[in-house]
Amino acid sequence: MKDLLKELLLKKHEKGFLGNKVRLKCESCGHTEKSTYFELLKDEQFEILEPANVPVVDGVHEEEVPATPIKFKKQCPNCGNEMEAFSPVPIEYIVTFLQSKQPDDIMYG
């Protein structure tokens with residue numbers, strides 16, 4: 001999965017969703033730092049966790065779809081322990097987003 005993400009990131013820019021900030025926190029010393037989805041994914045500072053089935057309601061029908069959480073992690077510059085944050089967006093959404101065409105710059109700036 002990491003190889004696929006790396007390949008897809010080569011074709012994208014740090015704009016839109018990928019420019020969103022993620023706040024990482026060190027539980028040991030309390031240091032916080034912000035980084036973008038793009039930077040964390042490009043630098044492979046993440047771990048893909050075990051998938052879970054999440055209920056999705058579409059009108060009156062409910063079905064379970066797999067959602068794989070992502071834990072972002074980075075070394076704390078203060079104490080050397082691991083800073084972490086969990087993405088509210090599953091890896092399946094991120095891969096789908098990365099596989100989609102880039103929006104037209106003329107139309108969306």
Which donor-acceptor pairs under 3.5 Å do side chains of residues 56-66 form with protein atoms, sequence neighbours excluded?
none

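Distance check: N78 CG to M83 CE gives 8.5 Å after rounding to the nearest 0.5 Å. Atom SG of C79 and atom NE2 of H31 lie 9.0 Å apart (nearest 0.5 Å). Note that CG of L24 is 13.0 Å distant from CD of Q75, once rounded to the nearest 0.5 Å.
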Trace of the side-chain contact (heavy atoms from CB on, under 4.5 Å) decision for L41 with F72 | CA-CA 8 Å; L41 292 169; F72 292 114; 4.1 Å; yes

Begin from the C-alpha positions of E82 and K71 and carry the test salt bridge (charged side-chain N to carboxylate O under 4.0 Å, His left out) through to its verdict.
-> CA-CA 11 Å; E82 189 174 273; K71 178 173 91 169; 3.6 Å; yes

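Of all heavy-atom pairs spanning C26 and N81, the tightest one is SG-CB, 4.1 Å. When every heavy atom of T36 is checked against every heavy atom of G19, the shortest pair comes out as CG2-O, 3.5 Å. Closest heavy-atom contact between F86 and L49: CE2-CD1, 3.6 Å.
A salt bridge is absent between E84 and K73; no separation between the charged side-chain nitrogens and carboxylate oxygens falls under 4.0 Å.
Between S28 and C76 the shortest side-chain heavy-atom distance does not fall below 4.5 Å. In this structure the side chain of L40 never reaches within 4.5 angstrom of the side chain of I70, judged on heavy atoms. Taking the side chain as every heavy atom from C-beta outward, Y37 and N20 approach each other to under 4.5 Å. For the pair I94/V89, a side-chain contact is recorded, criterion being any heavy-atom separation below 4.5 Å from C-beta on. Within the 4.5 Å cutoff, the side chain of I48 has heavy atoms near those of the T68 side chain. Between S35 and V22 the shortest side-chain heavy-atom distance does not fall below 4.5 Å.
Legend: salt bridge (charged side-chain N to carboxylate O under 4.0 Å, His left out) pairs involving residues 27-38, not counting sequence neighbours, sorted by first then second residue: E33-K74.
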